[in-house]
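First up is the structure itself, then whatever we jot down about it.
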Amino acid sequence: MLLSLIFGIALLGACSQNDNKMNDMDQSTMEHEMDDDMMEGHMDHDDEVSLNDSTGKNELKIPKELEQDEKSKEIVYTVQAQKGKTEIFDGTQTDTIGYNGAFLGPMLRFNKGDIVKIKTINELDEETTFHWHGLEVAGDADGGPHSALQPGEEKVIEFKVDQEAATLWFHPHPNGKTSEQVYNGLAGLIYIEDENSKSLGLPNKYGQNDIPLIFQDRTFDDERQLNYDAAMNDDGTIGDTLLINGTLNPKLTVKKEKVRLRLLNGSNARNYTFKMNSGDSFTQVATDGGFLNDPVTLEEITLTPSERAEIVVDFSSLDTSDDLALIDEEGSILLPFDVSEQGEKAGEITEEMNQFTITEKEMNLPVTKKVELYGMMDKVTINGKKFDPERIDFTQEQGVTEVWEIYNKPDEMGGMIHPFHIHGTQFKILSRNGKEPSKSEQGWKDTISVEPDETVKVAVQFQHKGVYMFHCHILEHEDNGMMGQIKVE
Ligand code: C2O
Ligand code: CU
Ligand code: CU
């Protein structure tokens, strides 16, 4: 309490001194010298480690749906970060951390309109925060780096769920330590439901035909431990071993019916292009923050870290005589499907699922915020600067839409994709390099992939007040300072 008060005052002070005007942002000059570090970094990244094929030995684990503390009018949950040991490999205990358990976390289901109270508890031996990625809540409930809980501390946050049905997630955000804590196991899911989501005829039996898939690649050492320091790469830690919902060598048993897969790229840095090994298409129904207006038929979909998509695979119409699996762009087997029993006769997915619109007015708004992403390894910056908790980079008025222009400035060696995320809002992509985004991105987003030399315009509005982070969601880039702050007032 006292701590957050002090932070609050510090922020207010920082804000009035450093209020950034557009002109300042335009003038940001970035001269970077090449050094050996950057060379090495590029080598590392070109040598991407492929994922081992899943043998399909273990049935996919499904995160438990978190029960409310008690059934009352108030909706109260307890979420506790804690240490534990997990048998990821048969017969071996791996040190992990999790929420309300040893590894990863439960799924929290909210309904639009709910007033939710969450008691957050830190039982780790280091500070952490509880960040609700994609949730539109006031800055003091958002769980950014200013909201650190020390070991043993707890804090109750309260908010009204006031956004449409979507698949969101939560993870820690302590300053400089986010990547390690996520890597070691802190991540959980949020499902938001509303009247619309219940009436679309989408598969909704949790764990049966409505399946969350949290993709995380890891490196295990000889003792089969997650040794973050050994695996760490400043350009984003990747690994050869894929865990889905914490399951090693997962397979998913499904019926011959439509199955909804809620894909979450929960990796520190790896991008995934998902496809069926049979070449069959599937249907995308949702983006990060809500349903698409119309289902989109795709043969593959790419998600950068923290992006989500909901897809529906119709197993009743697929040839299941061959082994079906979800694979990545290199053909690595991510998730084999065991399709046995006959399922329900699949209904049609409603055509008009949502009313997502971009108005003329939004299209014609001038750009009032510019974000330049630049660099690699520990040289990453936004508008030439590294994160400073004492500095407010932007201000924006609550409820007012502004157009942000995100540019990924290539370096001497080409540069790399940066997944750009803004807290506390779901925004709209207006254009990518001046062109309309693909159908697959014509919906609410909180994270976008930005390719080298690409310019993406987004229309951003905040429903609440507070200080929010915006950053690259390669977690090591975030920890290395590729993050800024906006104060919404
Ligand atoms: Cu997934 Cu700063 O967030
Ligand atoms: Cu976030
Ligand atoms: Cu980055």
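In what follows, every heavy atom counts, from backbone to side chain, and hydrogens, waters and symmetry copies are set aside. Remember, it's 1-based here, ligands and their atoms both numbered in the order they're listed.
Counting just the N/O/S atoms of H131, the one with the shortest distance to the Cu ion (ligand 2) is named NE2. The N, O or S atom of H421 with the smallest distance to the Cu ion (ligand 2) is NE2.
In summary, no N, O or S atom of H421 is located under 2.8 Å from atom 1 (Cu) of ligand 1. At a threshold of 2.8 Å, atom 2 (Cu) of ligand 1 has a backbone or side-chain N, O or S atom of H423 nearer than that distance.
For K61, the NZ atom sits in a packed shell: over 12 heavy atoms of surrounding residues, nucleotides or ligands are nearer than 6.0 Å. Other residues, nucleotides and ligands contribute at most 12 non-hydrogen atoms within 6.0 Å of the CD atom of E67.
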> When you look at Y468 and T425, which way does the side-chain contact (heavy atoms from CB on, under 4.5 Å) test go after all the steps?
Replying inline: CA-CA 9 Å; Y468 300 99; T425 180; over 6 Å; no
>> Working note: H421 + H133, criterion ring pair (Phe, Tyr, Trp, His ring centres under 6.0 Å); need CA distance, chi angles, decisive distance, verdict.
In response: CA-CA 9 Å; H421 167 54; H133 180 123; 3.7 Å; yes
> D125 and K83: side-chain contact (heavy atoms from CB on, under 4.5 Å), yes or no, with the steps?
Replying inline: CA-CA 9 Å; D125 342 303; K83 296 197 299 179; 3.3 Å; yes
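Angle ND1(H133) to atom 1 (Cu) of ligand 1 to NE2(H473), rounded to 10°: 100°. Here atom 2 (Cu) of ligand 1 is the vertex; the NE2 atom in H173 and the NE2 atom in H471 give an angle of 110° (to 10°).
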